[in-house]
Amino acid sequence: MAGLLFLPIAAPLVAASLAAIFGWHRWTAIVTALSAMAILGAGVTLAFFTDGESVVDSHHLVRADALSSTMLLVIGAVATLACLASIGYIDAELADGHTSPQAARLYGVLLPLFLATMALSVMAMSIGVMWVGIEATTVVTAFLVGHRRTRAALEATWKYVIICSFGIALAFLGTVLVYFAGTTGEPGNHSLDIDVLLSGAARLDPRVTSLAAGLLLLGYGAKAGLVPFHTWLADAHSQAPAPVSALMSGVLLSVAFYALLRVKSIIDLTLGEGFMRVGLIVMGLLTLAVAALLLVVQTDFKRMLAYSSMENMGIVAIAAAVGTRLAIAALLLHVLAHGVAKALVFVSSGAIQGAHGSTAIANVRAVLARSPLVGSAFTLGIVVLLGLPPFAMFASEWGVARALAAQHFGWLLGTMLVFVAIAFTGLVRAGSSMMLGAPQAGDTPFVPPRAIGGTLILGIGLSVALCFSLGPLTNLLDAAATTLGAGR
Amino acid sequence: MKRDPVASGTAVRSGTGVASGAPAVSGGVTAALGALGVVVGLRAVFGAPLHASIGWLVPFAGLRIDLDPLGGAFMALTGAVAAAVGVYAIGYARREHWARFPLVMLPVFVLTLLVVPAAGSVTTFLFGWEAMALTSLALVLTEHHRDEVRSAGLFYAVLTQIGFVAILVALVSLSSASGSGDFAGIRAAAGDLGPALRNGVFLLTVVGFGSKAGLLPLHAWLPRAHPEAPSPVSALMSAAMVNLGIYGIVRIDVQALGGGPRWWGTTLMVVGAASAVFGVLQASVSADLKRLLAYSTTENMGLIAMAIGASMLLGASGLASVAAIALTAALLHLVAHAAFKALGFLAAGSVLAGTGLRDLDRLGGLARRMPYTTVLFGIAALGATGLPLGAGFVGEWLLLQSLIHTPQGDNTLLSLVIPLSIGALALTTGLGIVAMVKAFGIGFLARPRSEGAEKAREASPTMLVGMALAALGCVVVAVAPAALGPALTRVASTLPSVGGDQGPKLGAILRLPGAAGSVSPAILAAAFAVAISLVLLLARWGVGARPAAVVRPLWAGGGPALTPRMQYTATSFAEPLQRVFDDVLRPDTDVAVTHVAESRYLIEKITFRTAQADAVEEHLYWPVVRAVAAVARGVRKAHTGSIHLYLLFGTIGLLVVIVVGR
Amino acid sequence: MALSIALAALQVLLVLVGAPLVIGAMRQVRARLEGRRGGGVGQPWRDLRKLFRKQQITPEGTTVVFRAAPFVLLGSALLIAAIIPVVSLGSPLDSSGDFVAVVGLLFLGTVALALAALDTGTAFGGMGSSRQMTVVALVEPTILLVLFTLSLRVHSANLAEIAGGTLANPAQAFSLGRVLAFASLVIVIIAETGRLPVDNPATHLELTMIHEAMTLEYAGPRLGLVEWASGMRLTVLLVLLANLFFPWGVAPGGPGLVQVLIAVAAIVAKVAVLAMALSVGETFLAKLRLFRVPELLAGSFLLGILAVTASSFLPAAGR
Amino acid sequence: MITATYTGILTLAAGSFLLAAVLIVWRRGLRATISLLAWQGVALATIPIANGVHQRSWMPIAVGIVVLALRGVLLPLLLARAVRGEDQGAREPTPLVNTTAALLVTAALTMIAYAATRPLIEHSPTPGTRAAPAAFAALLIAVFVMVSRRRAMSQAIGFLMLDNGIAATAFLITAGVPLIVELGASLDILFAMIVLGVLTDRMRQSFGDTDLNQLRELRD
Amino acid sequence: MSWATRILKVGRIVQASPAAPARTVPSPTGTRASLQIRHVDAGSCNGCELELSGAFSSVYDAEQFGARLVASPRHADALVVTGVVTHNMRGPLIDTLAATPEPKLVIAMGDCACDGGMFRNGYGVAGAVGDFVPVDVELRGCPPTPDQIVETLRKVTGR
């Protein structure tokens, strides 16, 4: 069991070392993809063992419960897509001379490292280690975002690193304060462990904890793309290579949010539900508003997708604010479905960008007619993101809505849906102008590289598999919600 | 509106080689689903309710099917439309070379249409509702290579989503307040809900369902999307999908909430009346055949909403038997509208397929090249006029009767609302006649105004069969509405406030309960036949002294032979009316005079163009859109790209947290 | 039953025979007022007889719509004559068709003629049709409002009920609402039957025509049918005007011979008076500019609304 | 170590820590700033070492030594090396806020820090906690430096100050978080600084200088 | 109301009509006292038109004898053609006659219509009415007086 617990972290590390030693090769890339699948596999296996009871590893280093398993599933699923897409992406870049072998090697190393840090974050025993993992993702992804070394990429990277580091540093301060609120001066090696904090949460000093809660909210919110530290997101997501954007949008945000959920479950025990709820509602609504409004005036499709991620994080934050069992389960489903759909959309947007050499919405026309596969994948992804049935995000958004109504948050639901509708408008308008229409002179058909095509087909399959029903996943989501102490 | 054959060919056939049998399969499956819907729906109406619950579908909620007479009736109606459309689609899809995607989506769309009325829980309902929106959107976008289609699709998507938001908030509040996600449970608990919630739910449902039914003010998608969709889809949307908007209002406001205070009914009547008048006005000045039909849908849905509103108002005033008349009027007109609008759009589709045109100004003379289609469209148009012997007559008659039978001397609200409603209804029927005479007379009679119309092809046999099925529906509603009597009675019995045995008797003669007032379309039709034969007899007078009949060229006022260009067009036909309603319609006219090169005093040609903007759109939508865009620009201005500003945002957040958090 | 059918037949016959006479009488009154001698009351009958002996010309390119329209027009007029209470309240069709149906049948005829005009494909046909439909669009609402005013007291739109109600309660006959309704119905009849000032039935200037423009292509017997039908439509409308507002003299359902005779005499007298009044009025009026016609009709619509409001707010004296 | 001395040392360390931060706001020369940063690192390292001595535990002392090495020596050296590449006299161009206003803001921030940390002192009124407001003030000042400085390197320095501030707060109030967390955090900071350094280099290559006002291409 | 009093004061304007002339022309349909007339101006100087309208005025009142002007040849029993037939009006004249249903007759009114009159040799003149359509009744005069017109019409209507 212990081995299984370490697998999600170790497998990508192995892949990273191989890539570091041998440089970028198709086989190292495949190993990376296999390590992503290992994460997925570990998630699936752990899901069977984590119905309510958490599995704890020795050394008090990593642990897994239903929530961690769910997050591993999300990471694994999206990472598999992203790693497969990376093969086609980097190969194409190398073939076109857009990237050097050194840069490719760096990419090959950092991509699995990125996966490892995320796996570490969701499996960390201690919220301190969890923080380390999340801060490490910033460091690791910095050069992934800046992979293309253009001025814009550099600018995005700088903003990304500075803003995220600033934010995440606040989370560290918050973590320290939580530690301080629990211990009265005596150091203890395990006092930041999740289970220890949960059992001792009632003894935390409320005033210190409330300061800590605010800082944690801001800090992890920065990484999750919540206002006011959201400003890095669109730049970084639009400048990163498509597979990396997919990972960042699809999972990194969720992993950061996972951290927020973890600390929320502790703080709620100390301060009651109200404190974090207010914060999450304010930040969630602001995020939603900013994202929705920027979506309708958007002219760049990769930024549009980034803002769509923000929009969804806003919804997730509001769901977390409600915090009932239904809300949390719906939130997790939302995260999963959003991850897969975003991967699909970002990977296909990469293919579109490759074919046009531009990310301006106005320059893209008639993709469905010119490249049915890419067009279908992008369209399907957008449809999923719009929350239309039979796809999973309908169920998750509907679950959130029900949870909100059940807690008498009618006004919140209404406000949220207004912004969702505004975002809907933006997405539909941009999506239809890109996908539909008849090709005009100069609009040549294009075919994505085989690996990317395969990824798209796989992504379409995953999205379709998530419609209508989740099968056993439903129980897992329920158990995950229970581990967060969401009783109702 | 002329289609570019090259563009259409490439986009429609792109990437898919559709087997020649595929349209038959798609249309056949659609028709079979429709037939199944009719059977299941009718069984439910007549006492075999269907219950099913599937917990594992749709996470966290599960699906639940509860088919009662109300749902059954709508399902049967939808199914009937789908059956006709399905048969039609076989020929249409073949002729228009549909790609695989719309062929697949057509039966799926019908399936979602059937699911909505069968839904027993809020989740199932919303699931079906959104699935319906999605599939119909996909179908609307079938010919997405045309710009108008994409614009229509965007309008459709956004307005539908706004409507959906309203419905979702209403239903979720209702179900959480009543503690049940099932309609049955909501119904049981509805009595205990607070007035604020009930009022809120009512307003939201009127907005949300009204948007689907094409009622003002969220109607603007309808006259765009319905014309731009492929005609079988237009037919399904206009004859089946919009009905579900009405269904929602009946299901939630009439059945579950059991009606409300008087202002509910009044509101619905005002909305309905405004929609009816606005819709018919737009229809009567519209020069696009399908757009005209689409606006006519807004008109008829407005009338139905008016009838339901009247029923609610009367029910709230304690006049159950009159309320029952109004409700029957609504349901009957719903059926009638489904029949004639399906037929209308299918016939318009045949015209489009046969000529490539839907611009009335370029059509004409189809009666000779497409005789069957012409006759069938004539039946539809007669139905839409609301004149006797047409399908729309009985419904409008009942509505008028319900208004007449409202005692009102002692009730100021009724005394105000009822006469104004009559005025609106009257104006609507009057203008409706103009619109339909224009559509039929300009489009199908006279002489072809363009090459496309001249070379029209008659619809294929399956298309004709599909249309004939719809026409059969029209004839049944027009002549023997009694056939619908039992079903309508069953439906009405499930609705509080009009329940019981109070509804009008739909026998061979329609009689109103406890009131003088009756009409019999069947006897009228028979008597009319007698009258016509009498006239035939009269026409024999002097036949012996008469020279043999001849065919002569048209009398051209002495001038050289008339050319088709000299005919009145749809635009000129509507011009006097447009003048009358100038202030309401505010047309955009533009006269361009081209002089001959040699002299300013000689005119080579004069172009007169008149465009009809939608006043509601102009004064409601765009201001909202502009406001949102202005706010969005403000937000965008706050994202200048300056990292210092971004860090400042974070710092402000930090300071707020420090101040609040301690 | 047999009696009522016989009565209906009598009504149809009466209208059929009387309609040309009504037209003739109106022309005659006008001629006299203009200081002329006039063609005589029987002139329309002579014209009809002649038309049925003339050659039938079918314009090239027209369809069955053109050929059928006169039959629909006249058929609907006959049907209306059978439904409405001309001499008796006991029409066998009274329960099958009420005021709404009658109005509908009336417009069915109008629509048939308008379509026939469009069917010819001539500029004048389209013009007449367009104008006629504009008039219809404004006339129909007014008629329904009048109908509503009338049916408000008796809660029925069935004509026998309305007329019977007035008979039973004569005090109601002169309420404000009914006076307004009467006025607007008169305007409507003028517009619908193409009389001055809306349309000039004697014009031969195409550009000012409404009704005539639609019939320009008809010849011979078909023209005869159309003319006959026009007369009948005017007549039945006058009958309605007479018997709904002043139903005295109308025989009840299942009447005796004397009652029928009185009723025939009464209706002939009433229609004659109304026709003459109409004709006198016409003599003093010039035709309105076409685009001022809607103002007139809007005025009548307004009168209708006022009538309805007056009737629903002010309880009648006899109530 | 007797408590009075311990308290004195902590207060002195915290005070000089804050003073370094204020001076960084005042001075605009990059090299001087880096020296001040090193001084701040030393002051920071003093805190755990004092803690360790006071509690007679080797662990905080070890942490202190690591901190000294990293923040007092290694990172300033790295920064100094990066600054050597700057050609324009290694001087911050006119900052967005002038020096007088900046000092006023600094004063305001210090007061806010004192107000904000009251709950900490009330929760556990140890000598370390009493000194914590100074560290917290330094943290806020660091944020201010990041917001107001235009040179990429200055912003990196601000970030390092921010981390120093957090670390100081942590050491003062808790005598150190668990070792693994501390190590992880330090490692992350190191890497972050390396990343920033590399990025500054790249920036200089592609933009010609490191004025952050040039980073305005990406916007909506 | 001054109109009403004036009407009463003036009374009948129409001049007394002489006894009906012998019916020299067979009525087109065999119906007495019903004649619908379509007037065709084939190239007239408008003198005849003036007189024609006089014939239908209150003083002469041709309508009392069953004659009426109509708007369409389809409605007409007779064409009254005035003026010489110009080149431009030759076709329309023939078309108009063709558009008139049987039985029908053509009344050539005025000298010009009968034989070309004073315009006979004009450059724009194609000929007299009789050159192109069969003329049933000739009404001489330049222009014929309303009395003559009415009398001719009465010969046709038989009243």
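A, B, ... follow the sequence lines: proteins, then strands. Residue 1 opens every chain.
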Enquirer: When heavy-atom pairs shorter than 4.5 Å are enumerated against chain B, which of C:Pro294, C:Ala229, C:Gly304, C:Ala101 gives the highest number?
Expert: C:Ala101

Enquirer: For C:Ala81, is there any backbone N or O sitting under 3.5 Å from a side-chain donor or acceptor partner on C:Gln11?
Expert: yes

Enquirer: Can you tell me which of B:Trp555, B:Trp541, B:Phe440 forms the most heavy-atom pairs within a distance under 4.5 Å of chain C?
Expert: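 Top count of heavy-atom pairs under 4.5 Å with chain C: B:Trp541.
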
Enquirer: Would you mind checking which part of B:Ala522 comes under 4.5 Å of any heavy atom in chain C, side chain (CB onward), backbone (N, CA, C, O), both or neither?
Expert: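 The answer is neither part of B:Ala522.
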
Enquirer: To the nearest 0.5 Å, what is the distance between CG (C:Asp98) and CD (C:Glu161)?
Expert: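 Answer rounded to 0.5 Å: 10.5 Å.
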
Enquirer: If you tally heavy-atom pairs under 4.5 Å against chain B, which of C:Thr63, C:Leu78, C:Thr120, C:Leu115 wins?
Expert: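 Highest number of heavy-atom pairs under 4.5 Å: C:Leu115.
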
Enquirer: State, to 0.1 Å, how close C:Ala117 and C:Gly125 come at their nearest heavy-atom pair, and which atoms those are.
Expert: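 The pair with the smallest heavy-atom distance is CB-O, 3.5 Å.
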
Enquirer: Any donor and acceptor pair, going by atom type alone, linking the side chain of B:Asp361 with main-chain N or O of B:Thr571 inside 3.5 Å?
Expert: yes

Enquirer: Would you mind checking which part of C:Leu108 comes under 4.5 Å of any heavy atom in chain B, side chain (CB onward), backbone (N, CA, C, O), both or neither?
Expert: both

Enquirer: Which one, C:Leu216, C:Val72, C:Ile143, C:Ile305, leads in non-hydrogen pairs under 4.5 Å with chain B?
Expert: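 Option with the top pair count is C:Val72.
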
Enquirer: Once you round to the nearest 0.5 Å, how far does OH of C:Tyr218 lie from CG of C:Leu225?
Expert: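 C:Tyr218 OH to C:Leu225 CG: 9.5 Å, rounded to 0.5 Å.
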
Enquirer: Is the side chain of C:Gln55 donor-acceptor paired with the backbone N or O of B:Ala548 at a distance under 3.5 Å, no angle test?
Expert: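 Yes, the answer is positive, given that a donor and an acceptor are paired below the 3.5 Å cut-off.
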
Enquirer: By a 4.5 Å heavy-atom criterion (distance strictly below it), what part of B:Phe393 contacts chain C: side chain, backbone, both, or neither?
Expert: side chain

Enquirer: Quick one: what part of C:Leu297 sits under 4.5 Å from any heavy atom of chain B, side chain, backbone, both or neither?
Expert: neither

Enquirer: Looking only at non-hydrogen atoms, find the nearest pair between C:Leu303 and C:Ser184 and report the distance.
Expert: CB-CB, 3.7 Å

Enquirer: Tell me, for C:Asn158 versus chain B, whether the close heavy atoms (under 4.5 Å) come from the side chain, the backbone, both or neither.
Expert: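 It is the side chain, since no backbone atom gets that close.
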
Enquirer: When only pairs under 4.5 Å are counted, which of B:Leu382, B:Leu538, B:Leu534 shares the most heavy-atom pairs with chain C?
Expert: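 With the most close heavy-atom pairs to chain C, the winner is B:Leu538.
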
Enquirer: I would like to know whether C:Thr110 and C:Glu192 meet side-chain hydrogen bond (donor to acceptor under 3.5 Å, both in side chains); could you show each step before the answer?
Expert: CA-CA 9 Å; C:Thr110 314; C:Glu192 177 56 24; 2.8 Å; yes

Enquirer: Counting heavy-atom pairs under 4.5 Å to chain C, which of B:Pro521, B:Ala529, B:Gly542, B:Ser520 comes out on top?
Expert: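 So the answer, after comparing B:Pro521, B:Ala529, B:Gly542, B:Ser520, is B:Ser520.
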
Enquirer: Ignoring hydrogens, what is the shortest heavy-atom contact between C:Leu145 and B:Pro419? Give both atom names and the distance.
Expert: CD2-O, 4.4 Å

Enquirer: Atom CG in B:Leu425, atom CD in C:Glu140: separation rounded to 0.5 Å?
Expert: 8.5 Å

Enquirer: Is C:Leu147 close to chain B through its backbone or its side chain, or both, or neither, when contacts mean heavy atoms under 4.5 Å?
Expert: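 C:Leu147 touches chain B through side-chain heavy atoms alone.
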
Enquirer: Chain C heavy atoms under 4.5 Å from B:Ser533: which part of the residue, side chain, backbone, both or neither?
Expert: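 No part of it gets close to chain C.
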
Enquirer: Checking C:Phe124 against chain B: side chain, backbone, both or neither under 4.5 Å from a heavy atom?
Expert: neither

Enquirer: Using a cut-off of under 4.5 Å on heavy-atom pairs, state which of C:Val12, C:Leu144, C:Ile83 scores highest against chain B.
Expert: C:Leu144

Enquirer: Tell me, side chain or backbone of C:Leu93 under 4.5 Å from chain B's heavy atoms, or both, or neither?
Expert: side chain

Enquirer: How far does CD1 of B:Ile418 sit from CD1 of B:Ile404, to the nearest 0.5 angstrom?
Expert: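 Reported to 0.5 Å precision, the distance equals 10.5 Å.
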
Enquirer: Return the option, out of C:Ala219, C:Pro92, C:Ser151, C:Ser130, with the maximum number of heavy-atom pairs under 4.5 Å with chain B.
Expert: C:Ser130

Enquirer: As an exercise, state the distance from CG of C:Leu138 to CZ of C:Phe301, rounded to the nearest 0.5 Å.
Expert: 8.5 Å

Enquirer: Is the ring pair B:Phe377/B:Phe444 parallel, tilted or perpendicular, if the boundaries are 30 and 60 degrees?
Expert: parallel

Enquirer: Spell out, as yes or no, whether a donor-acceptor pair under 3.5 Å connects the side chain of B:Thr428 to the backbone of B:Ala424.
Expert: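 Looks like yes, one N/O pair under 3.5 Å.
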
Enquirer: Backbone N or O of C:Ile84 within a donor-acceptor pair of the C:Ser91 side chain at under 3.5 Å?
Expert: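 No.
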
Enquirer: Which one, B:Val551, B:Val280, B:Thr569, leads in non-hydrogen pairs under 4.5 Å with chain C?
Expert: B:Val551

Enquirer: Rounded at 0.5 Å granularity, tell me how far CD in B:Glu396 sits from OG1 in B:Thr385.
Expert: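 It comes to 8.0 Å.
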
Enquirer: Between C:Val139 and chain B, which part of the residue has a heavy atom less than 4.5 Å away: side chain, backbone, both or neither?
Expert: neither

Enquirer: As an exercise: rank C:Val65, C:Val64, C:Asp119, C:Ile57 by heavy-atom pairs under 4.5 Å with chain B and give me the winner.
Expert: C:Asp119

Enquirer: Is it the side chain or the backbone of C:Leu106 that comes within 4.5 Å of chain B heavy atoms, both, or neither?
Expert: neither

Enquirer: Relative to chain B, which segment of C:Thr149 carries a heavy atom at a distance below 4.5 Å: side chain, backbone, both, or neither?
Expert: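 It is neither, since no heavy atom gets under 4.5 Å.
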
Enquirer: Heavy atoms only: give me the nearest B:Gly395-B:Ala329 pair and the separation to one decimal.
Expert: O-CB, 3.7 Å

Enquirer: Does any backbone or side-chain atom of B:Arg552 lie under 4.5 Å from a heavy atom of chain C? Answer side chain, backbone, both or neither.
Expert: both

Enquirer: Side chain, backbone, both or neither: which part of B:Leu400 has a non-hydrogen atom closer than 4.5 Å to chain C?
Expert: side chain

Enquirer: Please flag which part of B:Gln401 lies under 4.5 Å from any non-hydrogen atom of chain C: side chain, backbone, both or neither.
Expert: side chain

Enquirer: Which residues, numbered in order, of residues 363-374 of chain B come under 4.5 angstrom of chain C by heavy-atom distance?
Expert: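 Only B:Ala367, B:Arg368 of residues 363-374 of chain B have a heavy atom under 4.5 Å from chain C.
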
Enquirer: For each of B:Gly390, B:Ala527, B:Ala435, tally heavy-atom pairs with chain C at distances under 4.5 Å, and name the one with the top tally.
Expert: B:Ala527

Enquirer: Please report the closest heavy-atom contact between B:Ala439 and B:Leu292, naming both atoms and the distance.
Expert: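 Scanning both residues completely, I find the closest heavy atoms to be CB-CD2, 3.9 Å.
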
Enquirer: Taking every non-hydrogen pair under 4.5 Å, which of B:Met436, B:Glu575, B:Arg579, B:Arg449 racks up the most with chain C?
Expert: B:Arg579

Enquirer: So which heavy atom on C:Ser129 is nearest to which on B:Phe573, and how close?
Expert: OG-CE1, 3.3 Å

